[in-house]
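Accompanying notes for the structure given below.
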There are 2 protein chains.
Amino acid sequence: MSPNQFLGEFEQMVLLAILQRRDEAFALEVRREIESRAERTVSRGAFYTTLQRMEEKGYVAWSEDEPTDRHRSGMLRRYEVTAEGLGALRASRDAFRALSRGLDDVLEAS
Amino acid sequence: MSPNQFLGEFEQMVLLAILQRRDEAFALEVRREIESRAERTVSRGAFYTTLQRMEEKGYVAWSEDEPTDRHRSGMLRRYEVTAEGLGALRASRDAFRALSRGLDDVLEAS
DNA sequence: GCTGGGGCGTCTACATTGTAGGCTAGAGTG
DNA sequence: CACTCTAGCCTACAATGTAGACGCCCCAGC
């Protein structure tokens, strides 16, 4: 059997948000990325819990780093999506696309 | 019963599969649609449980109907996505798109 | 350098969603 | 009538989503 497991809905959002930030994926920035793009609030608990679970699954990794554009000198976590995480994201995306194919007329209207 | 903002990953798949079948959305056909397009197995339990939960939330509705292309004479359920269900699907889709914007280069490669 | 405030990350706890497989009932077949 | 087949139900549990309280560390003010 193939890796049948799909990512959860929020997990996908987090991975996408990290990718959006490219090299600037400090936790808080990632969180704000989700909040502004998806127009929803993200509690710290929800955010870090999901991040930690994905770390355990090997989908994300992080390293301590000094933020450049802040007066704050402390180290912060800079996240990145691993190759496995990217693969899982693609698998979910592919499945979703295959199921959406040909439905644009139904889904676009408003 | 808090009106959760976003649909789960499997819920989205089920809604999309129903839409794919248009007027022929008998339960079994919907299930096969998911299995073939998403390349995964869907147990009856998982399928009907999700369907029932979405019925309770008002995202899908069904009516008994006689299938046309079968020798079986019994009535079967024909499902449809309600206006609310479609709205929820669009909301999830929009959020996902906003988060994916500009990442095609990262996501497409293989 | 002690202390208070605020941002960063953890922990606990619970709600919602995802999943499998056994069970039941009713229709077809002999 | 038993005998099979299968659509849909029920139970049970795993995984994911979510919030808020808590603790720690850095900086500013004393």
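Within every chain, numbering begins at 1; the chains are lettered A, B, ... in the order of the sequence lines, protein sequences first and strands thereafter.
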**Request:** Select one nucleotide: of D/dG17, D/dC10, C/dG9, the one nearest the side-chain heavy atoms of A/Thr50.
**Result:** D/dG17
**Message:** Within the 4.0 Å heavy-atom criterion, would you say B/Arg44 contacts the bases, only the backbone, or no part of the nucleic acid?
**Reply:** base
**Request:** Assign A/Arg40 to base, sugar-phosphate, or nothing according to its heavy-atom contacts below 4.0 angstrom with the strands shown.
**Result:** sugar-phosphate
**Prompt:** Distance-only, no hydrogens or angles: does the B/Arg90 side chain make a donor-acceptor pair with backbone N or O of A/Leu107 under 3.5 Å?
**Reply:** yes
**Complete:** A/Arg31 atom CZ is separated from D/dG20 atom C1', nearest whole Å, by 12 Å
**Message:** For C/dG18, does the base pair up with any side-chain atom of B/Arg53 as donor and acceptor (N or O, under 3.5 Å, distance only)?
**Reply:** yes
**Item:** Heavy-atom pair of closest approach, residues A/Phe10 and A/Ala46
**Value:** CE2-O, 3.7 Å
**Prompt:** Over how many whole Å does the gap from B/Tyr79 atom OH to D/dA7 atom P extend?
**Reply:** 12 Å
**Prompt:** Which pairs, with at least one residue in residues 7-21 of chain A and sequence neighbours excluded, count as a side chain to side chain donor-acceptor pair (under 3.5 Å)?
**Reply:** A/Glu11-A/Lys57, A/Gln20-A/Arg37, A/Arg21-A/Glu29, A/Arg21-A/Glu33
**Asked** Which residues within residues 8-16 of chain A lie with some heavy atom under 4.0 Å of an atom in DNA chain D?
**Response** A/Gly8, A/Glu9, A/Phe10, A/Glu11
**Item:** Any B/Lys57 side-chain nitrogen or oxygen under 4.0 Å from OP1 or OP2 of C/dT16
**Value:** no
**Request:** Consider only side-chain N and O atoms of A/Glu80 and A/Trp62, and report whether a donor and an acceptor are under 3.5 Å apart.
**Result:** no
**Expected output: side-chain B/Ser92 to main-chain B/Phe6 donor-acceptor under 3.5 Å** = no
**Request:** Nearest whole angstrom, please: distance from the P of D/dA7 to the CG of B/Asp65.
**Result:** 16 Å
**Asked** Rounded to the nearest Å, what distance is computed from the CD atom of residue A/Gln52 to the C1' atom of nucleotide C/dG9?
**Response** 10 Å
**Request:** Grab the CG-C1' distance between A/Leu51 and C/dC11 for me, whole Å please.
**Result:** 15 Å
**Item:** From D/dT11, D/dG8, C/dC8, nucleotide with atom closest to A/Leu28 side chain
**Value:** C/dC8
**Asked** Could you give the distance from CG (A/Leu51) to CG (A/Leu15), rounded to the nearest 0.5 Å?
**Response** 9.0 Å
**Request:** Please state how far atom CD in A/Glu29 lies from atom C1' in C/dG9, giving the value in whole angstrom units.
**Result:** 15 Å
**Prompt:** Atom CD of A/Glu64 and atom P of D/dC24: how far apart are they, to the nearest Å?
**Reply:** 16 Å
**Prompt:** Which pairs count as side chain to side chain donor-acceptor pair (under 3.5 Å) when at least one residue sits in residues 39-48 of chain A, sequence neighbours excluded?
**Reply:** none
**Asked** Does B/Tyr48 put a side-chain nitrogen or oxygen below 4.0 Å from OP1 or OP2 of D/dG8?
**Response** yes
**Asked** Roughly how many Å is it from CZ in B/Phe47 to P in D/dT6, rounded to a whole number?
**Response** 17 Å
**Complete:** Which of D/dA7, C/dT19, D/dG17 is nearest the side chain of B/Leu76? It is D/dA7
